[in-house]
Amino acid sequence: MKALKITIIALLAGFSMASCDFLDKEPTKLTPENYFNTPAEANSFLTGVYAILSQPTFYGGDYMYLVAGDDLSHYGGSGRGPASTGLICNNATTSDNAVTAFWYALYSGINRANMFLENIDKVTGFDSGVKEQYIAEARFLRAFYYFNLVECWGDVPFKTVSTQSVTNLNIPRTDKQEIYDFIVSEMADAAETGLKSAADLAYKPGRISQSTAWGILARVYLFRAGEHYREDRNATQAEKKDYFERASFYAQKVMTAGHKLAANYWDPFIDMCSDKYNTTANESIWEAEFAGNNTSDTQAEGRIGNIIGLAGPDMSSKSDVVGSKDPGYAYAFIYSTPKLYNLYVNNGDTKRFNWSIAPFEYKEAGGKNTGVTHREFEQGKLAEVMSQYGQERGTYQYAGDTEKTTATKNYSRMCGKYRREYEADKKDKNYTAINFPILRYADVLLMIAEAENEANDGPTALAYQCLKEVRDRAGLSELSDMTQAEFRQTVKDERAMELCFEYTRRFDLIRWGEYVKNMRALVTEAQSGNNWTQGPTNVYTYFNISSTYNYFPIPDAEMSVNKDITQNNPGW
């Protein structure tokens with residue numbers, strides 16, 4: 001089991017660090033007065049700042065209902081009605097439980113970080129450099145939580161001191177540009193004043209490294225460059241050029257840190273699903289940590305692979321059914337759109353296609369919940385998959401695999417990126433040990449390509465080089481002699497094919513000013529049912545959105561107690 005996971009489990013078993021109210025309005029059980037005595041206690045408290053990432057209200061569950069609705073993926077399933085929580089079906093209200101819980105989780109993380117930074121100087125006896133590392137990690141996490149707030153809500157209450165009282169907590173919203181200045185300053189300074197290099201951390205992405213900070217800084221600058229679209233105004237000079245230059249600058253620093261793409265697209269995901277780190281190359285830079293199979297009192301499991309994954313039978317109660325007969329249960333709530341299917345087909349991208357979009361279904365010859373006996377592949381996919389990842393380490397083998405005799409007419413399929421078959425026996429029905437990918441090196445390369453193209457009014461040699469690395473692994477041809485507009489669209493398509501189902505797409509579309517347009521463009525196709533079996537039922541309504549959905553709603557629960565927030569986001 002991974003080191004940080006062990007620490008998180010121990011922390012969660014030992015005490016409760018904070019309530020889930022805004023900026024911790026209720027006092028925590030753990031207070032600075034009785035803690036911060038030793039370096040070990042400081043480490044435990046810092047782990048509590050990290051632990052927000054893995055909460056059910058964040059990467060541990062609800063995040064997948066909040067941001068997965070985009071032009072590449074949708075909530076679905078045969079006869080399945082719209083989700084009742086989150087923004088995935090774009091039917092949320094200002095009292096949505098997932099939205100409210102995410103807001104509170106982020107502020108809880110900020111308050112924990114504030115408490116840590118206010119009290120760390122009380123501790124003595126640190127080994128050389130450890131205190132500086134802890135401070136840098138806390139500062140980065142606080143900035144990252146604020147970035148999530150700005151990315152989702154825009155202007156939000158801003159506070160860099162911990163809550164000392166349960167009274168007088170009305171806090172107005174601060175202009176997001178002021179918060180952006182804080183975010184980039186904190187992240188950049190953390191990278192220079194305490195964060196360890198990825199090499200120093202043995203390229204284990206559970207802990208924040210300099211590479212993490214630099215890569216996320218690039219993401220922050222790219223999103224900030226697109227804020228003018230959300231505000232429906234002309235771009236400033238910084239948004240036209242400067243922010244892209246900064247994004248490229250920080251992303252290029254990651255290039256010098258020993259990262260590289262794994263030989264195969266599926267390698268990082270097999271690692272995540274089998275509880276391993278970067279076994280073939282140092283591609284994964286930051287992951288939210290999960291562990292266990294929901295069988296002990298100390299639980300640190302998540303839902304990736306279950307909420308989003310390949311539908312399989314529930315064999316969790318049958319101790320004698322193991323191995324390939326039990327590839328793991330998944331609700332398969334997340335399906336691809338025909339747009340993603342066609343992107344892969346039109347680009348001849350069979351490697352990423354066959355991994356990201358499931359080209360098969362698990363079958364049970366003995367009847368429901370008797371154990372998987374084989375897979376049924378789409379026409380032409382069995383031999384193709386077997387020549388790609390079909391015999392990779394840990395991949396389940398089935399002697400009786402079959403293939404359909406006619407070509408599919410349905411281009412909407414289950415997400416196949418997170419496969420529970422790589423988890424250890426015995427698998428729980430609803431909870432997994434699969435880590436959540438927050439940042440991969442492939443994303444960094446594509447951010448450099450995009451930023452270079454925008455900052456220089458066209459693609460530079462470096463932009464082509466970074467794009468080529470990603471396309472080479474996918475088996476796609478090298479590109480050249482492109483205009484700025486052509487290169488821009490190519491990068492957008494590459495981000496779709498490379499990063500689909502990794503929860504970056506909704507925010508990409510928003511920062512490109514394309515979210516509403518791209519979603520609405522799929523309404524008619526979904527209604528027609530052509531190549532989209534689920535489209536005419538509920539699914540088409542998920543795409544008929546307005547600009548309201550460029551922001552999350554500020555929760556009613558917050559506005560009811562924070563009287564200095566007098567207006568919600570546009571349309572809410």
Side-chain angles (χ1 to χ4, degrees), residues 64 68-78 80 88 264-270 272-273 304-312 327-328 330-363 375-390 392 395 401 403-404 406-422 434 437 440 442 470 473-476 493-506 522 525-526 530-535 539 542:
M64 289 172 268
D70 55 51
D71 60 346
L72 307 178
S73 63
H74 68 85
Y75 185 85
S78 179
R80 188 172 282 155
I88 189 170
N264 301 304
Y265 178 65
W266 40 83
D267 287 345
F269 303 103
I270 291 177
M272 290 175 205
C273 295
I304 195 147
N306 174 258
I307 289 175
I308 177 171
L310 295 175
Y331 290 97
F333 285 144
I334 313 297
Y335 282 73
S336 65
T337 66
K339 178 175 182 175
L340 180 58
Y341 182 104
N342 287 324
L343 270 173
Y344 283 128
V345 171
N346 294 338
N347 284 275
D349 188 353
T350 62
K351 291 183 178 180
R352 293 184 292 194
F353 182 21
N354 287 338
W355 183 263
S356 296
I357 300 179
F360 62 81
E361 294 180 0
Y362 295 118
K363 297 294 181 180
R375 296 166 295 185
E376 183 181 49
F377 282 79
E378 298 295 339
Q379 186 182 52
K381 290 296 180 181
L382 176 53
E384 196 170 74
V385 164
M386 293 308 292
S387 70
Q388 293 173 345
Y389 60 81
E392 281 285 348
T395 303
D401 284 340
E403 188 174 276
K404 293 179 180 178
T406 57
T408 183
K409 293 184 178 179
N410 180 28
Y411 292 175
S412 177
R413 305 229 193 111
M414 294 177 284
C415 167
K417 208 159 204 175
Y418 311 104
R419 306 190 180 193
R420 299 195 64 186
E421 65 185 72
Y422 298 98
I434 301 173
R440 287 194 294 119
V470 177
R473 181 171 66 177
L476 303 184
D493 291 345
E494 281 297 318
R495 289 188 66 83
M497 294 183 288
E498 177 72 28
L499 302 171
C500 59
F501 306 119
E502 294 180 53
Y503 300 95
T504 60
R505 183 67 175 184
R506 185 186 187 110
L522 293 173
E525 184 176 0
N530 295 333
N531 305 125
W532 201 341
T533 303
Q534 299 176 43
V539 171
Y542 309 160

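Remember, predicted model here, so these are calculated numbers, not experimental data.
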Polar side-chain atom of Q534 near backbone of G77 as donor-acceptor pair, under 3.5 Å = yes
Is a donor on one side and an acceptor on the other found under 3.5 Å between the side chain of E421 and the backbone of P327?
->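 Side chain of E421 to backbone of P327: no pair is present.
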Can L476 and E494 be said to form a side-chain contact (heavy atoms from CB on, under 4.5 Å), step by step?
-> CA-CA 11 Å; L476 303 184; E494 281 297 318; 3.8 Å; yes
The salt bridge (charged side-chain N to carboxylate O under 4.0 Å, His left out) partners of E403 (sequence neighbours excluded) come to none
Can you sort out the partners of R473 under salt bridge (charged side-chain N to carboxylate O under 4.0 Å, His left out), two or more places apart, ordered by chain and number?
->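 By the salt bridge (charged side-chain N to carboxylate O under 4.0 Å, His left out) rule, R473 matches E283, E498.
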With the side chain counted from C-beta on, respond yes when I88 and I334 share a heavy-atom pair under 4.5 Å apart, and no when they do not.
-> yes
Looking at side-chain heavy atoms only, is the closest gap between E392 and N264 below 4.5 Å?
->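 Yes, close enough: below the 4.5 Å cut-off.
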Under the side-chain contact (heavy atoms from CB on, under 4.5 Å) rule, collect the residues that match up with [X], sequence neighbours excluded.
X    : answer
Q388 : W266, T350, K351, N354, E384
E502 : Y265, F269, K417, Y418, P437, R440, L499
N410 : T408, S412, T533

With sequence neighbours excluded, what pairs up with [X] under the ring pair (Phe, Tyr, Trp, His ring centres under 6.0 Å) test?
X    : answer
Y411 : Y341
Y422 : none
F360 : Y362, F377

Could you check K339 against E525 for side-chain contact (heavy atoms from CB on, under 4.5 Å), going step by step and ending with a plain yes or no?
-> CA-CA 10 Å; K339 178 175 182 175; E525 184 176 0; 5.8 Å; no
Measure the spacing between [atom1] of [X] and [atom2] of [Y] and express it to the nearest 0.5 Å.
X    : Y    : atom1 : atom2 : value
E378 : K404 : CD    : NZ    : 4.0 Å
W532 : H74  : CH2   : NE2   : 5.5 Å
F501 : I304 : CZ    : CD1   : 11.5 Å
Y335 : L340 : OH    : CG    : 15.0 Å
S73  : Y542 : OG    : OH    : 12.5 Å
Y331 : N306 : OH    : CG    : 6.0 Å

So, for [X] and [Y], which heavy atoms are closest and what is the spacing to 0.1 Å?
X    : Y    : result
C415 : L310 : O-CD2, 3.6 Å
V470 : A442 : CG2-O, 4.1 Å
A332 : M414 : CB-SD, 3.5 Å

Under the side chain to side chain donor-acceptor pair (under 3.5 Å) rule, collect the residues that match up with [X], sequence neighbours excluded.
X    : answer
T337 : none
R505 : D71
R506 : N90, Y515
Y389 : R419

Might you work through the side-chain contact (heavy atoms from CB on, under 4.5 Å) test for Y344 and C500, ending with a clear yes or no?
-> CA-CA 11 Å; Y344 283 128; C500 59; 3.3 Å; yes
